[in-house]
There are 2 protein chains.
Amino acid sequence: MADSTPTTCDADGTCYCPLASVLDTLSGKYAMGVLSIVDAHGPVRFAEIERRLPSASASTVSTRLKELRETGLLVRTQYDEIPPRVEYELTDDGKDVRGRLDPLLDWVTETER
Amino acid sequence: MADSTPTTCDADGTCYCPLASVLDTLSGKYAMGVLSIVDAHGPVRFAEIERRLPSASASTVSTRLKELRETGLLVRTQYDEIPPRVEYELTDDGKDVRGRLDPLLDWVTETER
DNA sequence: CAGGATCCTTATAGATACTG
DNA sequence: CAGTATCTATAAGGATCCTG
């Protein structure tokens, strides 16, 4: 991910950033799902995210969480207990982006069901 | 593309459709770029889309156009002239989806520039 | 519990060459 | 002009095993 696709701009001033970091991150498999789950149920633990995304493997959930963290859309909080507990929740940016996904997700549910 | 990822629903009624057809289509590289170009400059010819996406190969543009057509977001019109001329433009669904991308794309431009 | 490391398979994109 | 077919390279995801 985070490839080298440049932002391309036209002579007329129109610009396209097809894979700018956030869009890039969101394009990962289950990224929107993870974002939605953490939004709806956060603070939420790893196992619960996994449980709510049965078709995603643990390593995929892990990768998505890492990317979303690196993009600044969510934060990880670790509690030093035994057994260890970790919770995820959205940052303000994460909530912002999540909200901006609504029109699109609405379209999908309106259309597909 | 169009993999077998199922729609997953929680006991509490919340549903996630991470890769429903439209989102799936939009996740292709340059898909949003092609959609934006056809929206902004349509009816537009193949060569012009290519010109406006210098970093995408012709075969990728071709693939994206095909997928967007199959998802019903744009239409292809062929004129039987010599040399041949083909034009692409958005369907009503395409315009709808394109509009729903705005909040997200706005966020990107607000943030990255 | 939370996940990193590894290996493997599949998806996806790019290059090149060629057609209606 | 507007593609498509084919091939290759790479990226992304999944399964499994292992650890702090």
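Sequence lines set the chain letters: A, B, ... in the order given, protein chains first and strands last, and positions in each chain run from 1.
- In this structure, the CZ atom of B:Arg64 is 14 Å from the P atom of C:dA11, given to the nearest Å.
- For B:Thr63, there are no side chain to side chain donor-acceptor pair (under 3.5 Å) partners two or more places apart in sequence or in a different chain.
- For the residue pair A:Thr77 and A:Tyr88, no side-chain donor N or O sits within less than 3.5 Å of a side-chain acceptor on the partner.
- Straight-line distance from the CD1 atom of B:Ile82 to the P atom of C:dG20: 14 Å, rounded to whole Å.
- Nearest to the side chain of A:Phe46, among C:dG3, D:dG3, C:dG14, sits C:dG3.
- Neither OP1 nor OP2 of D:dA12 sits under 4.0 Å from any side-chain N or O of A:Tyr30.
- Annotation: salt bridge (Lys or Arg N to Asp or Glu O under 4.0 Å) contacts involving residues 31-47 of chain A, sequence neighbours excluded, comprise A:Asp39-A:Arg98.
- For the pair A:Tyr79 OH and C:dG3 P, the computed distance is 13 Å after rounding to whole Å.
- Spacing between atom CD of A:Glu67 and atom P of C:dG3 amounts to 15 Å, rounded to whole angstrom units.
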I'd like a table of atom pairs between the protein and nucleotides 4-9 of chain C - only N or O on both sides, under 3.5 Å - with the distance next to each one.
from  : atom 1 : to      : atom 2 : distance (Å)
C:dG4 : OP2    : A:Ser62 : OG     : 3.1

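- Rounding to whole angstrom units, CD of residue A:Glu87 and C1' of C:dA2 are separated by 13 Å.
- One finds a side-chain N or O of B:Arg45 lying less than 4.0 angstrom from the OP1 or OP2 phosphate oxygen of D:dA2.
- Contact annotation for B:Tyr88: backbone-only contact, meaning every heavy-atom pair under 4.0 Å involves sugar-phosphate atoms and none involves a base.
- At whole-Å resolution of the value, CD in A:Glu50 and P in D:dG13 are 16 Å apart.
- By the side chain to side chain donor-acceptor pair (under 3.5 Å) test, B:Glu70 pairs with no residue at all, sequence neighbours left out.
- Taking for each of A:Pro84 and A:Ser57 the nucleotide of DNA chain D with the nearest heavy atom, the 5'-most of the two is the partner of A:Ser57.
- Take B:Ser59 and apply the side chain to side chain donor-acceptor pair (under 3.5 Å) test, not counting sequence neighbours, and it matches B:Ser57.
- Distance from the side chain of A:Pro83 is smallest to C:dC1 among C:dG3, C:dC1, D:dG13.
- A salt bridge does not link B:Glu67 to B:Arg69: none of the charged side-chain nitrogens sits closer than 4.0 Å to a carboxylate oxygen.
- When rounded to the nearest whole Å, the span between CZ of A:Arg51 and C1' of C:dA2 equals 16 Å.
- Under the side chain to side chain donor-acceptor pair (under 3.5 Å) criterion, A:Arg76 pairs with A:Gln78, sequence neighbours left out.
- Protein atom CG of B:Leu65 is 13 Å distant from nucleotide atom C1' of D:dT4, rounded to whole Å.
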